There are 2 protein chains.
Amino acid sequence: MDGLVGKITAELLKKNIKPSYQRIKIMEYLIEKNNHPTVEMIYNHLVKEIPTLSKTTVYNTLNLFIEKGLVRPLTIEDNEARYDTIISNHGHFKCQSCGEIYDFPVEIDDFVPDKLQGFEIADKNVYFKGLCPKCISS
Amino acid sequence: MDGLVGKITAELLKKNIKPSYQRIKIMEYLIEKNNHPTVEMIYNHLVKEIPTLSKTTVYNTLNLFIEKGLVRPLTIEDNEARYDTIISNHGHFKCQSCGEIYDFPVEIDDFVPDKLQGFEIADKNVYFKGLCPKCISS
DNA sequence: CTATGTATTTGTAGTGATTACAATTTTATT
DNA sequence: AATAAAATTGTAATCACTACAAATACATAG
Ligand SMILES: [Mn+2]
Ligand SMILES: [Mn+2]
Ligand SMILES: [Zn+2]
Ligand SMILES: [Zn+2]
C-alpha cells in the first residue's frame, strides 16, 4: 500500500479529476522528483513503466492540473515549459550550465509597488539565471 | 536632422555594430514605442516603411542587440519573446486581457536570499500577470 | 571609376515544442 | 451484456524561431 498514491488520489478527487493511472503516475512523478521537469523528462521516465503512454496525454494532464490549480507552469526559457507542484510563491534559479532549477524563498508579497495600485495581480514570478555552485567549482 | 537617429548611430558604433538602415529603424522603433514588442509587432510596423524588410532581419538584429547588451529579451509567455531597451532591473506586469506590458520598479538587488550564497547570478527577472486598471473598469 | 572582397539582408526550408482532432480504448451506467 | 461517456492515443497541423544559401549593399584597393 502506497501512501503517496492514496494522497494523490484523494487530491485529484477533491478537484473533480478522475484519478486515472496515467494522471496518478504523472502527479507522482512531479511530487517525488520535485525537479521542475519538462514534458520530455516526464514522458521519457514514465514511458518505461507505461509503454503505451502518449506525449499528448502528458500535455493534456499537465494542462488539466494547471487549470485545476494543482500545478504551476514555469516560463523561464521560451522553448521549454516547466512544471511545479509547489504553488506557493517562491523564486527559481536556473543554472545556465547544468540546467538544474533551484528553489529559493522570496517574500514576493512584500514588493507590491505603488505603481501597481489598481492592478489585479493574479500571478507572481521571480526567476534568476546564472551558475550554480556545482558548476562554478568544476 | 533627427537627433534620435544620431544617438542610435553613435550607440551602435560604440558597440561595433554597423549602423545599417534596418538596424537603426529597429532600434528607433524599440526606443520610441518603448512597448516591449514582439517580433511580429516590429515587423508589421516597419514593413510599411521598408517594404523589402525580412522577418529574419528583425530576428537577426534583435539577437545581435542582445548579444551586445543593447537589448534585453523578456520571457513572459512561452510562445512569444518580447524585447526591452531598458536594461536596468525592473519588473514587468502583463495584462492577461489586453496584453499590454507595464514596467514597475522593484528593488531586485535587495532580495538575494541566503539560499543563493555560492550562486553566480547573471540575470534577474520579475514579472506579474493579471488585469490592468483599464481592463478592470471596462 | 571599376573591380574585388566583405558584411548585411533576404527568402525559403527546416526544426521543435505544443495543440487539434479523430480514432481507439477504458470506464461507468443501465 | 449493451450502451454511453470519458480518457487515452497517434497523427497531422500550427507557429515561433533558426539554418542556410542566394542576392544585395557596402568598403577598399588599384
Ligand atoms: Mn519550485
Ligand atoms: Mn521594461
Ligand atoms: Zn549547474
Ligand atoms: Zn489590460
Side-chain angles (χ1 to χ4, degrees), chain A residues 8-9 11-13 15-29 36-68 70-83 94 99 101, chain B residues 8-9 12-13 15-29 36-68 70-84 94 99 101:
Chain A
I8 291 170
T9 302
E11 194 74 20
L12 295 184
L13 285 172
K15 296 279 185 176
N16 289 317
I17 300 171
K18 202 170 294 183
S20 72
Y21 183 58
Q22 288 87 339
R23 288 169 177 171
I24 289 173
K25 278 298 179 186
I26 290 169
M27 183 56 86
E28 190 180 30
Y29 177 93
H36 312 93
T38 62
V39 166
E40 202 69 19
M41 288 162 71
I42 299 169
Y43 174 79
N44 286 338
H45 185 264
L46 291 183
V47 76
K48 293 179 220 155
E49 265 183 283
I50 317 168
T52 62
L53 184 64
S54 167
K55 214 172 279 185
T56 300
T57 299
V58 181
Y59 278 106
N60 289 342
T61 302
L62 289 168
N63 287 335
L64 178 65
F65 288 170
I66 291 167
E67 213 177 294
K68 298 289 188 175
L70 290 175
V71 165
R72 142 191 279 243
L74 302 182
T75 303
I76 298 179
E77 304 292 341
D78 56 349
N79 60 336
E80 56 169 26
R82 302 254 176 179
Y83 302 89
K94 175 163 186 186
I101 294 177
Chain B
I8 291 170
T9 303
L12 295 184
L13 286 172
K15 295 280 186 176
N16 288 317
I17 300 171
K18 201 170 292 182
S20 73
Y21 183 59
Q22 287 86 342
R23 287 169 177 170
I24 290 173
K25 279 297 180 188
I26 291 170
M27 183 56 85
E28 192 182 29
Y29 178 93
H36 312 94
T38 62
V39 165
E40 203 67 19
M41 289 162 72
I42 299 170
Y43 175 80
N44 286 338
H45 186 265
L46 291 183
V47 76
K48 294 180 219 154
E49 264 184 283
I50 316 169
T52 62
L53 183 65
S54 167
K55 215 172 277 186
T56 302
T57 299
V58 181
Y59 278 106
N60 289 341
T61 301
L62 289 168
N63 286 336
L64 178 65
F65 288 168
I66 291 167
E67 214 176 292
K68 298 290 188 173
L70 290 174
V71 165
R72 143 190 277 242
L74 303 181
T75 303
I76 298 179
E77 304 292 341
D78 58 349
N79 59 336
E80 57 169 27
R82 301 255 177 177
Y83 302 89
D84 197 345
K94 175 164 185 186
I101 295 178

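Every chain is numbered from 1 and lettered A, B, ... according to where its sequence line falls, protein lines coming before strand lines. Keep in mind it's a predicted model, so treat the numbers as computed, not measured.
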In whole Å, I'd like the distance from the [atom1] atom of [X] to the [atom2] atom of [N].
{"X": "A:I24", "N": "C:dT26", "atom1": "CD1", "atom2": "C1'", "result": "14 Å"}
{"X": "B:L13", "N": "D:dA27", "atom1": "CG", "atom2": "P", "result": "11 Å"}
{"X": "B:E77", "N": "C:dT19", "atom1": "CD", "atom2": "P", "result": "12 Å"}
{"X": "A:I66", "N": "C:dT19", "atom1": "CD1", "atom2": "C1'", "result": "14 Å"}

Short N-O contact, A:E77 and A:R82, less than 4.0 angstrom: no

Stepwise ring-ring contact (aromatic ring centres under 6.0 Å, His included) check, A:H36 with A:Y83: CA-CA 5 Å; A:H36 312 93; A:Y83 302 89; over 10 Å; no

Listed partners of B:K94 passing side chain to side chain donor-acceptor pair (under 3.5 Å), at least two apart: B:E80

Per-nucleotide protein contact string for nucleotides 4-23 of chain D, where B marks a base within reach and S marks sugar-phosphate only (heavy atoms under 4.0 Å, - for neither): --SSSBBB----SBBB----

B:P19 versus B:L13, closest heavy-atom pair with distance: CD-CD2, 3.6 Å

Straight-line distance of B:E28 CD to B:R23 CZ, nearest 0.5 Å: 16.0 Å

CG-CG distance between A:L46 and A:L53, expressed to the nearest 0.5 angstrom: 6.0 Å

